[in-house]
*Asks:* 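Supplied in structure tokens, the structure appears directly below.
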Amino acid sequence: MYAKINRLRNSFLFLLLVVSLSLMSPASEALDNGLALKPTMGWLHWERFMCNTDCDTDPDNCISERLYMQMADVMVKEGWKEAGYEYVCIDDCWPSLQRDARGRLQADPKRFPGGIKKLADYVHSKGLKLGIYADVGEKTCAGYPGSLGHYETDAQTFADWDVDLLKFDGYLLFSGYINMSKALNRTGRSILYSCEWPLYEWPFQKPNYTAIRETCNHWRNFDDVFDSWSSVKSILDWTASHQDTVVPSAGPGGWNDPDMLVIGNFGLSHDQQESQMALWAIMAAPLLMSNDLRDICPRSKQLLQNKRIIEISQDPLGRQGYRTAKGNSFEVWERPLSKKRLAVAVLNKQEIGGPRGFAISDVPGWKYCDPQCNVTLILPQYKEMGVQAKESKLILYVNPSGTALLTVTPISKHRPHWKKTSAKHDQIIL
């Protein structure tokens with residue numbers, strides 16, 4: 001009898017852990033446009049191609065309609081669309097330096113001779129969606145015309161062009177983010193709204209995530225990602241140190257955006273690429289690649305198209321994971337999934353030596369696997385680890401700057417109903 005009571009107790013404790021992770025009461029209602037019910041997936045030009053406008057000497061890599069058409073072609077032919085990546089997104093440097101005679105934005109006529117509407121039609125013909133970039137202020141970061149004073153006009157222009165996503169950048173004019181959100185909704189076209197409001201407010205004050213979630217479908221919080229492990233680490237560190245504030249705001253319709261995936265470029269080892277992919281999935285982050293899909297190494301392609309990682313990213317429960325333990329140069333991040341499962345990422349932050357062992361029993365959620373849990377290892381390579389008892393001695397070996405990603409499913413005769421709640425994000429120091 002005591003053993004049965006103890007199993008019930010531990011099953012209930014596991015339930016409390018997962019429900020705490022679940023954050024079943026978001027900070028507010030999401031932007032009511034019916035979009036981004038799961039984290040957005042697609043491709044965005046900025047980190048890889050930046051503001052390269054020299055199409056005379058570098059026609060294959062300059063910001064032009066040709067680049068986006070080629071990416072759309074590859075996304076269909078090489079399995080990206082099938083894997084779930086659906087947006088082809090233009091960032092800065094696409095417009096002409098002058099608005100047209102009617103005050104509307106216009107694409108650079110040399111680099112986009114067909115205009116944005118023709119490009120949108122081409123992307124749509126591939127079964128994909130087109131994203132575009134604008135700025136809340138007078139000028140974009142690269143000096144092109146901004147939307148200040150033109151929010152209604154620009155929103156309607158994007159709708160007329162059949163654009164599907166707007167990335168809206170810029171600082172200090174926080175009311176402008178709200179005004180553009182309202183203007184987009186008034187067009188009657190479904191345009192996913194990605195904003196950078198909190199990124200620019202954090203240096204001055206804690207942002208109002210209730211207002212942000214009601215305004216945007218996803219939002220940047222921290223610095224631009226660079227093609228380096230130090231950049232990826234800084235994003236993870238910032239997110240963990242602010243998780244009590246940012247995690248409760250995430251859920252269907254609105255997501256925290258840690259910026260682009262730089263997998264398949266030059267700055268990350270393969271282990272570091274696996275870490276970015278795993279942690280972005282745990283964080284329920286938009287998966288917006290910035291790389292050259294026309295020339296990407298097979299291992300990076302396989303990683304980005306890994307269906308088991310994408311299933312974690314797109315899990316219908318729609319809850320963001322967070323860091324639950326740290327110590328001895330390891331971090332543990334956990335995310336609640338549908339069907340009473342947990343996704344677990346064990347990150348080895350040490351950047352010297354060889355693989356290091358991490359006991360699965362040190363995962364905070366593991367001690368509640370009473371009597372057993374089923375374990376599936378996803379990274380570094382897929383393996384069904386089978387049913388593991390609470391007292392399991394299983395060791396995960398993780399390469400320097402690499403991550404072991406796994407899912408854990410409790411096995412219990414008693415599976416109580418989960419009630420909505422919220423919780424602080426307590427971390428265990430290992």
Side-chain angles (χ1 to χ4, degrees), residues 14 17-18 20-21 229 232-237 239-241 243 247 258 261 263 268-285 303 306 308-313 315 319-337 341-369 372-410 425-430:
F14 183 88
L17 173 73
V18 179
S20 296
L21 279 164
W229 180 233
V232 173
K233 284 193 301 180
S234 71
I235 292 169
L236 293 173
D237 290 343
T239 302
S241 65
Q243 61 189 19
V247 170
L261 294 168
I263 295 165
L268 302 184
S269 70
H270 189 73
D271 286 292
Q272 292 162 356
Q273 292 183 47
E274 289 184 343
S275 292
Q276 190 190 23
M277 188 70 180
L279 271 301
W280 262 233
I282 290 286
M283 292 188 292
L303 174 62
N306 187 306
R308 293 181 177 88
I309 304 175
I310 292 172
E311 284 172 359
I312 293 174
S313 164
D315 186 79
R319 302 304 176 202
Q320 179 173 339
Y322 65 92
R323 191 174 69 187
T324 57
K326 62 178 180 177
N328 193 27
S329 295
F330 280 108
E331 290 185 357
V332 180
W333 294 63
E334 297 178 72
R335 177 182 174 182
L337 302 175
R341 298 169 299 144
L342 278 177
V344 179
V346 179
L347 169 65
N348 179 3
K349 297 197 75 176
Q350 191 163 287
E351 298 178 36
I352 192 172
R356 299 169 62 224
F358 186 91
I360 198 168
S361 58
D362 285 337
V363 172
W366 185 259
K367 59 187 175 183
Y368 306 117
C369 287
Q372 297 170 320
C373 279
N374 191 73
V375 179
T376 299
L377 183 67
I378 298 171
L379 288 174
Q381 59 185 9
Y382 170 72
K383 184 177 182 180
E384 291 292 347
M385 308 300 289
V387 175
Q388 301 286 332
K390 179 185 175 184
E391 299 79 13
S392 174
K393 304 300 182 182
L394 180 65
I395 302 294
L396 304 170
Y397 286 93
V398 191
N399 290 346
S401 65
T403 294
L405 178 66
L406 56 150
T407 56
V408 175
T409 305
H425 307 103
D426 298 323
Q427 295 182 63
I428 295 173
I429 307 300
L430 299 172

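Nothing here was measured: the structure is a model prediction, and the numbers come from that model.
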*Asks:* Taking 4.0 angstrom as the limit, do Asp237 and Lys349 come out as a salt bridge?
*Replies:* yes
*Asks:* For Arg335 and Arg319, indicate whether the former's side chain and the latter's backbone hold a donor-acceptor pair under 3.5 Å.
*Replies:* yes
*Asks:* Nearest 0.5 angstrom please: Glu311 CD to Ser313 OG, how far?
*Replies:* 10.5 Å
*Asks:* Checking Phe358 against Val363 for the side chain to side chain contact (heavy atoms under 4.5 Å, CB included) test, could you report, in this order, the C-alpha distance in whole Å, the side-chain angles of both residues, the deciding distance, and whether it holds?
*Replies:* CA-CA 9 Å; Phe358 186 91; Val363 172; 3.9 Å; yes
*Asks:* Indicate the atoms forming the closest heavy-atom contact of Met283 with Pro258, along with that distance.
*Replies:* CE-CG, 3.9 Å
*Asks:* Between the side chain of Asn306 and the main-chain N/O of Ile309, is any donor-acceptor distance below 3.5 Å?
*Replies:* yes
*Asks:* For residues Gly365 and Glu334, report the shortest heavy-atom separation together with the two atoms involved.
*Replies:* N-OE1, 3.5 Å
*Asks:* Is Asn399 close to Glu274 at the side-chain level, that is, under 4.5 Å between some pair of heavy atoms?
*Replies:* no
*Asks:* Output the distance between atom CD1 (Ile263) and atom CH2 (Trp280), rounded to the nearest 0.5 Å.
*Replies:* 9.0 Å
*Asks:* Check Asp315 with Arg341, please: is the shortest side-chain N to carboxylate O separation under 4.0 Å?
*Replies:* yes
*Asks:* Go through it in stages, so that I can follow the logic: the residues are Trp229 and Asp271, the test is side chain to side chain contact (heavy atoms under 4.5 Å, CB included), and I'd like the CA-CA distance, side-chain angles, deciding distance and then a yes or no.
*Replies:* CA-CA 10 Å; Trp229 180 233; Asp271 286 292; over 6 Å; no
*Asks:* Can you see which heavy atom on Gly353 is nearest to which on Pro400, and at what distance?
*Replies:* O-CG, 3.4 Å
*Asks:* Would Val398 and Phe330 count as a side chain to side chain contact (heavy atoms under 4.5 Å, CB included) here? Give the steps.
*Replies:* CA-CA 9 Å; Val398 191; Phe330 280 108; 4.3 Å; yes
*Asks:* How far does CG of Leu261 sit from CD of Gln276, to the nearest 0.5 angstrom?
*Replies:* 4.5 Å
*Asks:* Do you know which two heavy atoms are closest between Pro380 and Leu377, and how far apart they sit?
*Replies:* CD-CD2, 4.5 Å
*Asks:* For a side chain to side chain contact (heavy atoms under 4.5 Å, CB included) with Trp366, tell me which candidate from Val332, Val375, Leu342, Val344 qualifies.
*Replies:* Val375
*Asks:* First locate atom CD of Glu391, then atom CD of Gln372, and finally report the distance between them rounded to the nearest 0.5 Å.
*Replies:* 9.5 Å
*Asks:* Within a strict 4.5 Å, meaning less than it, do heavy atoms of the Leu337 and Ile312 side chains meet?
*Replies:* yes
*Asks:* On a heavy-atom basis, which atom in Ser275 and which in Ser401 lie closest, and how many Å separate them?
*Replies:* OG-O, 2.8 Å
*Asks:* What's the separation between atom CD in Glu331 and atom CG in Leu236, rounded to the nearest 0.5 Å?
*Replies:* 7.0 Å
*Asks:* Between Ala345 and Leu405, which heavy-atom pair has the shortest distance, and what is it?
*Replies:* CB-CD1, 4.2 Å
*Asks:* Kindly indicate whether the side chain of Leu279, heavy atoms from C-beta on, has any atom under 4.5 Å from the side chain of Val232.
*Replies:* no
*Asks:* Does any part of the side chain of Thr403, heavy atoms only, come nearer than 4.5 Å to the side chain of Leu379, both counted from C-beta?
*Replies:* no
*Asks:* So which of Glu384, Arg308, Lys383 actually passes side-chain hydrogen bond (donor to acceptor under 3.5 Å, both in side chains) with Thr376?
*Replies:* Glu384
*Asks:* At what distance, to the nearest 0.5 angstrom, does CG of Leu347 lie from NZ of Lys326?
*Replies:* 12.5 Å
